[in-house]
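Here is the structure we will look at, set down as structure tokens.
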Amino acid sequence: MNTFEGCLNHEQLEAVNCLNGPLLILAGAGSGKTRVIVYRIANLIANKINPWNILAMTFTNKAACQMRERISNLVDPRLAGDVWISTYHSFGARILRAEHVAAGLKRDFNIFDDSDSKKLVEICLKEMNLDSDRYKPSVMCDMISIAKDKLLDPESYSLHAAASPESSRRVAAEVYELYQEKLKSMGGVDFGDILRYTVDLFKNNPDVLEKYRERFRYILIDEYQDTNYAQYVLTKLLAAKYKNICVVGDDDQSIYSWRGADIRNILEFERDYPETRVVYLEQNYRSTKNILDTAQKLIHYNHHRKPKDLKAVKPAGDKIEYVEFQNEFAEASGVADRIISGVRHYNRKYSDFAIFYRTNAQSRIFEENFVRAGIPYVVVGGCKFYDRAEVRDILAYLRLINNPSDDVSFRRIINMPPRGIGKSTAAIIINKAHEMRIPLFEALKVLSTEGTVKKAENFLKSISGLHAEKDNMDASEIVKIIIEESGYMEYLEGHKDIESQSRMDNVKELVSAVVDFEQHIGNKTLAAFLENISLVSDIDSFDEKKDYVTLITLHLAKGLEFPCVFITGMEEGLFPLTDSSMSLEEREEERRLCYVGITRAKEELFLSGASCRRIYGQMRYCIPSVFLKEMEICKLLSDVGMTDRDIVSMPRGLEFSGINSSSPYTRGKMIKHPDFGLGKIIDVSGTGDDVKVIVKFDSGFWKKLMVKYAKLEVI
DNA sequence: ACCGATTGAATTTTT
DNA sequence: TTCAATCGGT
């Protein structure tokens, strides 16, 4: 298509013009991959492909919205509106809702998020009399979720697990079985189920599959390197007939393998579709040459990758800066200073800057400094609106109204606000439900006719009444009524602490979110609203048009770009975030995460770390991240005689910790021990009589020693 | 049944 | 440090 030629380079054009058959686009960071997808869809439409036959998968709803918007700029917006663009999960949920009979689901199934799943796992563990210290709910929950991402049902997972030497896997298999039974009986579907059930639906119902194959003749998948096995199978099922499948991705940017993403999906695409045309996008339009070169130096340390060579279009630009600050406070104020100076003297806007960090906990210190310095900022992620206790409480009401079998929601609100249903009454309800094999809410009804649970009369009436009418009412009406009838606001008002006002505001904000949704989407049912919030994430509401500095985790930063990027906390143990049990593969993923971070930067890149940092309230010494050495920015690691390999082999329980004041034992010093011989001090902790040192002895092993007892001799 | 005090654990998280 | 979950007194 001639119309696109001016806007695209040769390879991009090749991809955009390849309309039929399997197409693999290996798109390096900043190479304009979204642009290619958008133009390719526009080109399909220009070639008289019915937009209704096009399916595009993205990884966030935000990416989906943006994509639709950009397509609307190229073709008639009404046609763009007909393209089905969504996340895998929204796609699955919509199909399952439409085909709920064939899928064997209740029409009003509730979607369980991770914290709901965890609650249910806790219930299962309790029922199975398993020690929740030994088998942590979050770990069990993760194992189940990963099993689901591999399309393993409880049976096949238990076959798998039986062979495993780890007892926790065998236990997880048992928990999974009970968990799934409960989830099913209460009409719940978790994130893993959405994909699993959609795959099952297609596999078990050839007619249904055929219908959707006919519908989605052209399929495009963004961020293919982060798809998991379930998504891979789902895609394959849909694409098998027409094979017009175009996947776009970059193995170097795969950062969700810990969540089940399987990099093989992209590496073996050509094997799955032998006719595949491969296009490499290696021109980087985003970053300066210095930034791009630094990124490539780093990523070259990874062994498991497709070799590639990105070329910068932009000139060298500014040098990369690295500063090791004294501590995290100095780091935060140093960053704030730079931002202020950029705004004052270099014509920068606040929104030109982004602060990246590895863990959400790191954001606080920056926030405090920015407030003090008067810098406007937004924290993306972190404490999500829909994760706040009061919001979740109201949502639990709504979910119970939508689906009264949802026992997890029931448990959450049966005594919230407190209405005199304590442990013992709750136990009565649970026993009844168990006995009669009915949901908790049904059990409450039964007990109510017996007159045993007078205190829950109103609760019962409200929920039943609204449930019966939910299809005839707008979601906004329902939420207003339930807040009124539950007495939630009065309860908050009664609490005279500082937080009660903001909690009331949050409840009000939820009401306006419902109203907003109704106006935006046109579907006013409660079910539609609930589904939407389950599948929407925090980054979706991120608005880059406002003039704020962005604070964000490295994971969430993928897909974004900023003129000036700060990557903070560049310290061994924090970034890369490691413990000593970490495999080399996991270290490579941390490296990719760093690569993603660097390649978000368009013009300026600042790296920083602290030599001392409080972690969980404990002062700890930090050594600069190995990544700095790999980027050839800093060779400080050699100062204490450590190499990458040493850090990998450092045994558990020898975390860097503590602060020392005036002892002769400092980092890097050589010492002699009467029994162990020569060694080097890697870290010092404690004060006074309590000074401890971590020593790496020449014989190769590590030891943490009390200076008071160990007769060390400084050499 | 409810409140407050103590104890203990603690990554990253597109959906 | 900070959060949440449990414990023990009212």
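Chain identifiers are assigned alphabetically (A, B, ...) following the order of the sequence lines, protein sequences preceding nucleic acid strands; residue numbering begins at 1 within each chain. These numbers come from a predicted model, not from an experiment.
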Counting heavy atoms from C-beta on, name the nucleotide in B:dT14, B:dA10, B:dT11 closest to the side chain of A:Y256. B:dT14
Does A:E457 have more than 12 heavy atoms from other residues, nucleotides or ligands lying within 6.0 Å of its CD? yes
Quick check on B:dA1: is either OP1 or OP2 less than 4.0 Å from any side-chain nitrogen or oxygen of A:R419? no
Ring centres under 6.0 angstrom apart (A:F216, A:F91): yes
Mapping A:D114 and A:G573 onto DNA chain B by nearest heavy atom, which one lands closer to the 5' end? A:G573
For A:D262 and B:dT14, give me the distance from atom CG to atom P, rounded to whole Å. 20 Å
Could you tell me whether A:S424 contacts a base, only the sugar-phosphate backbone, or nothing, with contacts defined as non-hydrogen atoms closer than 4.0 Å? sugar-phosphate
Tell me which nucleotide among B:dT13, B:dA10, B:dT11 gets nearest to the side chain of A:L556. B:dT13
Residue closer to the 5' end of DNA chain C, A:R614 versus A:K118 (nearest nucleotide): A:R614
Choosing from B:dT12, C:dT2, B:dC2, which nucleotide comes nearest the side chain of A:N360? B:dT12
For A:K423 and B:dC3, what is the distance between atoms NZ and C1' respectively, to the nearest whole Å? 14 Å
Nearest of B:dT14, B:dT12, C:dT2 to any side-chain atom of A:R259? B:dT14
What is the distance from CD1 of A:I144 to P of B:dT13, rounded to the nearest Å? 22 Å
Whichever of A:L593 and A:N415 has its nearest DNA chain B nucleotide further upstream toward 5': A:N415
Nearest to the side chain of A:T553, which nucleotide is it out of B:dT13, B:dT14, C:dT1? B:dT13
Quick one: do A:I430 and A:R411 satisfy side-chain contact (heavy atoms from CB on, under 4.5 Å)? Show the steps, please. CA-CA 10 Å; A:I430 292 167; A:R411 280 169 191 255; 3.8 Å; yes
Indicate, with a heavy-atom threshold strictly under 4.0 Å, whether A:K136 touches base, sugar-phosphate, or nothing. sugar-phosphate
What do you reckon, do A:Y616 and the base of C:dT1 stack, with centroid distance below 5.5 Å and planes below 30°? no
Among B:dT11, B:dT14, B:dC2, which nucleotide sits nearest the side chain of A:P418? B:dC2
Please state how far atom CZ in A:R620 lies from atom C1' in C:dT1, giving the value in whole angstrom units. 12 Å
Between P on B:dT13 and CD1 on A:I255, what's the gap in Å once rounded to a whole number? 9 Å
Out of B:dT12, B:dT13, C:dT1, which nucleotide sits closest to the side chain of A:R358? B:dT12
Is the backbone of A:F356 close enough, under 3.5 Å, to the side chain of A:T568 for a donor and an acceptor to pair up by distance? yes
Aromatic ring pairing A:F575/A:F627, orientation class (parallel under 30°, perpendicular over 60°, tilted between): perpendicular
What is the separation between atom CG on A:N265 and atom P on B:dT14, rounded to the nearest whole Å? 19 Å
CG of A:D190 versus C1' of B:dT14: gap in Å, rounded? 16 Å
Counting the atoms with a prime plus P, OP1 and OP2 as sugar-phosphate, which does A:G422 contact under 4.0 Å by heavy atoms, base, sugar-phosphate, or nothing? sugar-phosphate
Rounded to the nearest Å, what distance is computed from the CD1 atom of residue A:I429 to the C1' atom of nucleotide B:dA1? 14 Å
Is the terminal nitrogen or CZ of A:R399 (NZ for Lys, CZ for Arg) located under 6.0 angstrom from the six-membered ring centre of A:F410 and within 45° of that ring's axis? no
So, is A:T578 close to the B:dT11 phosphate, meaning a side-chain N or O under 4.0 Å from OP1 or OP2? no
